[in-house]
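Just below is one structure, and these are the notes that go with it.
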Amino acid sequence: QVQLVESGGGLVQAGGSLRLSCAASGRTFSRYTMGWFRQASGKEREFVAAISRSGGNTKYADSVKGRFTISRDNAKNTVYLQMNSLKPEDTAVYYCAARDTAVVVIRTYDYNYWGQGTQVTVSS
């Protein structure tokens, strides 16, 4: 099992940047594909980005391509989401997720471990 704790959320103006972190417990972090999802108020949870076990393969939602970057540090059991050029429509609770698989999966039901979420609010 793995436990996930997100941090780094907050309030930022449009055009600004934030970096989210997700710290994982356990010694097998490198076995997990990691993903970031978000859920805006009144909307379904949606895929944002995912990264392979080694970090060599990444996938992004079209809405964040070119603005967000997912990365991981297996020595620190941490995955990051660098968010640049933020827009008001990026406002949501951001969740970190993990799945013990070599495939870079992007659907919510592909993941079986979730963090508690961190709020990101982008003001216009």
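At least one cation-pi condition fails for R67 and Y60: the charged atom is not both under 6.0 angstrom from the six-membered ring centre and inside a 45 degree cone around its axis. Under a cutoff of 6.0 Å and an axis angle of 45°, R45 and Y95 form a cation-pi pair.
Using a 4.5 Å heavy-atom threshold, the side chains of D110 and F47 count as separate. With a 4.5 Å cut-off on side-chain heavy atoms, V122 and E89 do not count as touching. For the pair T108 and E44, the minimum side-chain heavy-atom distance is 4.5 Å or more. Annotation: side chain of V2 is not in contact with side chain of R31 (no heavy-atom distance under 4.5 Å). Using a 4.5 Å heavy-atom cutoff, the side chains of Q39 and E46 are not in contact.
Classification of the Y113-Y32 ring pair by plane angle, with boundaries at 30° and 60°, yields perpendicular.
Between K65 and D62 a salt bridge is recorded (basic side-chain N to carboxylate O distance below 4.0 Å).
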Self-check item: From CA spacing to verdict: side-chain contact (heavy atoms from CB on, under 4.5 Å), I70, V79
Solution: CA-CA 7 Å; I70 188 171; V79 63; 4.0 Å; yes
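Here the options are T101, T33, D100, the test is side chain to side chain donor-acceptor pair (under 3.5 Å), and the partner is R53; only D100 passes.
For Y111, the ring pair (Phe, Tyr, Trp, His ring centres under 6.0 Å) test picks out F37, with sequence neighbours left out.
Listed here is the closest heavy atom pair of E6 and W36: CG-CZ3, 3.9 Å. Contact between C96 and M34 at its shortest, heavy atoms only, is SG-CE, 3.6 Å. In this structure, L81 and A49 approach most closely via the heavy-atom pair CD1-CB, 4.2 Å. Closest approach of S54 to R72, counting heavy atoms only: C-CD, 4.4 Å. A pairwise comparison of heavy atoms in M83 and L86 identifies CB-CD2, 3.8 Å as the closest pair. Scanning both residues, L4 and A98, for their nearest heavy atoms gives CD1-N, 3.8 Å.
Taken together through direct or relayed side-chain contacts under 4.5 Å among Ile, Leu, Val, Met, Phe, Trp and Tyr, V64 and Y80 form parts of separate hydrophobic clusters. A continuous path of hydrophobic side-chain contacts links W114 to V93 [ILVMFWY only; heavy atoms under 4.5 Å].
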Using a 3.5 Å cut-off and no angle test, enumerate the donor-acceptor pairs between side-chain atoms of residues 11-25 and protein atoms at least two apart in sequence or in another chain.
residue, atom, partner, partner atom, Å
S17, OG, N84, OD1, 2.9
S25, OG, Q3, N, 2.9

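Of the possible polar contacts, none joining the T91 side chain to the T121 backbone as a donor-acceptor pair under 3.5 Å is found.
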